[in-house]
Amino acid sequence: MTDMACMKLGSKSDVFYLDRQNWLCSTGLPSDVIVEIGETSFHLHKFPLISRSELLETIMKEDNEKSVIELHELPGGAKAFLLIAKFCYGVKMELTPSNVVSLRCAAEYLQMTEDYGEGNLIIQTENFLNHIFTYWTDTLRALRTCEEDVLPFAEELHITSRCIQSLVLKAADPSLVTSQSVVQSPENRIGGLVSKITCEDWWYEDVSSLSLPLYKRFMHGASGRHMKAEKISGSLVYYAKKNVPLLGSQFSGNNSNKSSSISCCTPSEADQRNMIEEIVEMLPNVKGITPTKFLLRVLRTAMALYASSSCCASLEKKIGAQLDEADLDDLLIPNIGYLMETLYDIDCVQRMLDHFMIVEHDGIDSTTSSNDIEEEREKGLLEGSQQTPMIKVANLVDSYLAEVAPDSNVKLQKFQALAAVIPDYARTLDDALYRAIDIYLKAHPWLTDSEKEQICKLMNCQKLSLEASTHAAQNERLPLRVVVQVLFFEQLKLRTSVAGWFFSSDNNNNSSLENSEKQQHNLALIGNDQTNPFMAFENVRERVSELEKEYLHMKKELEKMMVKSKISWNVILKKLGCRLIPKPPNNNKVTKSCRKTKITPTSTTITTTTTTMEDQKAMTEVN
């Protein structure tokens, strides 16, 4: 079993031997013609040559006494001519996938047609080419030789296009790679064809060894055959990782080991830049086909190599369309511009985010109401891992803001512009945004009060968790107005919770009076039921007591701050856009200091009622 397909020609023993740079023929007859190709000379005889080549016959007829013929432009050079000389003398030789292309081109150049002997070299090489086109590995070998020094001739004879077409057909339909072709061409170590033939990516490794021009033609042929976009993208990713060292060095694990072991010579930065631009141009314009991590690494490499602006813009659009799949670490692209104002390229992230918003806006039906959007948001919250893309991007942007905030060169306008792109409904909690704002204020202590208030408007104080609210209430970097807003909304939450518990208690009492028989039946089971309603009510009373203590503590802290700043409660409530309705002058029905307060913020009206005399009476009866 041979290493590759081959065709044996000739039957005589070898009569050629090399003396320095001269090939001599040991037939016993003196040489009557010398063929010079480059620095190599062939001392041969005229008759065997003119009996097979029309070109050589023409040259010798023009000058019968000419003893030196120069063939410096012969395709394949001296190596190919040595095989041609053996063929003319009838010496044993072999056609292989590695030499058939150069021999086919050289035979065409020397005009070795059937008019100069049956079974001449043109027909022999053509038949062998058609034979190896049925084998994947041999076709790949022949295609690689097309670029050595025979490319113009191979193009003219359509050898290159025929090799590419054969490979494309087999890559698109693996069933064409028959078991017979594998057996006849067992040198499958290049791509592990036998073991990987059932995998969709079995051909990635093989075609990655092609030069960029040939690989580009292969990929265009694959697209023309309507190959799946996933396969095209996967092959491009593999090719880029293997042949762009600056890109491959950014990937860890097996991929980097492969790229370092395969690459025998490192291409120049200009070649890598050209390769990046060509690969980006060939990437399918289908969302989610190409991994976002890969696209971000390519963008970072393209910027480092100073690729064209159109290449970078195309990458930014592709990344923006699937920004929800990005990781924070990959989004931290170093700023390598000439100005180097900031550590990370915030403008690039801004452009990707803007494109994401455009894609998301186009994807939402114009008839969709705000209630539908809210339902989608709640659905994403409940599903957890299946969050909507907008919510994922909101979390990503908030994390990114926290990473770039410590940079003292980040201007307020850039920080605001990036944070303001995310709509309010996409943030379920504003804790991450508050953290980013706090880091930014710490890194920019020279901001004025108006600028601090301006950046704090980015977050919604009503959407802060208890932990974030507690931190904000004690944060000296925040403007006083923001601290008051945080405390105010926490007070509203507390009052609403307390009122809700009392309202629930009142409903339970009314229900028990209307259903006395059911209540007596339940009381009979108190001894065996661990979920005693009276015990539950006691727990509620304890929780209300705790909440009241927390409220009083918050109120004291706020009063201390008011004393320091010499601002009255009325002034603060006016700044918040609130008004108080005075208590009705009825001292007989109210035993405690109890008010009905109507608070009207800027955009929302919240009404909270406390317990009435009937509530207190019902509570006394239960006790």
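Heavy-atom basis, side chains included; hydrogens, waters and symmetry copies ignored.
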Chi angles and distances behind the side chain to side chain contact (heavy atoms under 4.5 Å, CB included) call for Met303, Leu305: CA-CA 5 Å; Met303 291 180 173; Leu305 294 172; over 6 Å; no
Residue pairs fulfilling side-chain hydrogen bond (donor to acceptor under 3.5 Å, both in side chains) with at least one residue in residues 404-413, sequence neighbours excluded: none
Test item: Glu360 and Met390 side chains (from C-beta on) under 4.5 Å apart, heavy atoms: yes
Side chain Asn243, main chain Tyr239, donor-acceptor under 3.5 Å: yes
Pairing of Asp398 and Arg435 as salt bridge, 4.0 angstrom limit: no
Over 12 non-hydrogen atoms of neighbours within 6.0 angstrom of NZ in Lys442: no
Salt bridge (Lys or Arg N to Asp or Glu O under 4.0 Å) partners of Asp271, counting only residues at least two apart: none
Tyr306 vs Glu269 side-chain heavy atoms within contact, under 4.5 Å: no
Residues which pass side-chain contact (heavy atoms from CB on, under 4.5 Å) with Thr160, listed by chain and number, not counting sequence neighbours: Leu143, Cys146, Leu151, Ala154, Glu155, Ile164, Leu214, Arg217
Note, Met352 side chain near Leu296 side chain (heavy atom, < 4.5 Å): yes
Heavy-atom pair of closest approach, residues Met275 and Leu212: CA-CD2, 3.8 Å
Side-chain heavy-atom pair Leu447, Tyr440 within 4.5 angstrom cut-off: yes
Minimum heavy-atom distance Trp136-Leu167, with the two atoms named: CZ3-O, 3.2 Å
Under 3.5 Å donor-acceptor, Asn130 side chain and Asn127 backbone: no
Point-to-point distance, once rounded to the nearest 0.5 Å, from SG of Cys312 to CD of Glu277: 8.5 Å
Close aromatic pair by centroid cut-off 6.0 Å: Trp203 and Phe218: yes
Between CD on residue Gln124 and CE on residue Met112, distance to nearest 0.5 Å: 10.5 Å
Donor-acceptor pair, side chain of Gln322 and main chain of Ile319, under 3.5 angstrom: no
Short side-chain to backbone donor-acceptor contact, His43 and Ile34, under 3.5 Å: no
Exam field: side chain Ser399 to backbone Asn395, donor-acceptor pair closer than 3.5 Å: yes
Over all atoms of both residues, closest heavy-atom pair of Ile437 and Cys456: CG2-SG, 4.3 Å
Exam field: side chain His444 to backbone Val410, donor-acceptor pair closer than 3.5 Å: yes
Derivation of the side chain to side chain donor-acceptor pair (under 3.5 Å) call for Tyr215 and Ser209: CA-CA 8 Å; Tyr215 177 77; Ser209 61; over 6 Å; no
Minimal non-hydrogen separation, Leu129 against Val101, with atom names: CD2-CG2, 4.5 Å
Closest non-hydrogen atom pair, Leu396 against Leu323: CD2-O, 3.7 Å
Thr145 side chain to Ala142 backbone, donor-acceptor under 3.5 Å: yes
NZ/Lys414: more than 12 non-hydrogen atoms of other groups inside 6.0 Å: yes
Cationic N near anionic O, under 4.0 Å, Glu156 to Arg104: no
Would you give me the side-chain donor-acceptor pairs under 3.5 Å for residues 222-233, sequence neighbours excluded?
from	atom 1	to	atom 2	distance (Å)
Ser223	OG	Met219	O	3.1
Ser233	OG	Thr290	OG1	2.8

Listed partners of Lys170 passing salt bridge (Lys or Arg N to Asp or Glu O under 4.0 Å), at least two apart: none
Side chain proximity check, Met459 to Arg427, heavy atoms < 4.5 angstrom: no
Audit row: Glu403, Tyr344, side chain to side chain donor-acceptor pair (under 3.5 Å) steps and yes/no: CA-CA 9 Å; Glu403 290 293 330; Tyr344 298 112; 5.3 Å; no
Working for salt bridge (Lys or Arg N to Asp or Glu O under 4.0 Å), residues Lys457 and Glu451: CA-CA 10 Å; Lys457 288 180 180 179; Glu451 290 176 333; over 6 Å; no
Donor-acceptor pair, side chain of Asp330 and main chain of Ala326, under 3.5 angstrom: no
Qualifying residues under side-chain contact (heavy atoms from CB on, under 4.5 Å), relative to Phe153, sequence neighbours excluded: Pro75, Cys105, Tyr109
Pairwise side-chain contact, Leu299 with Thr301, heavy-atom cut-off 4.5 Å (strictly under): no
Neighbour count above 12 (heavy atom, 6.0 Å) for Glu147 CD: yes
Heavy-atom donor-acceptor pair, Glu325 side chain to Thr292 backbone, under 3.5 Å: no
Where Ala402 and Ala436 come nearest, the two heavy atoms and their spacing: N-CB, 3.6 Å
Test item: Arg297 and Lys293 side chains (from C-beta on) under 4.5 Å apart, heavy atoms: yes
Thr96-Asn99 side chain donor-acceptor pair, cut-off 3.5 Å: yes
Side-chain donor/acceptor of Asp19 to backbone N/O of Asn22, under 3.5 Å: no
Side-chain heavy-atom pair Ser41, Val35 within 4.5 angstrom cut-off: no
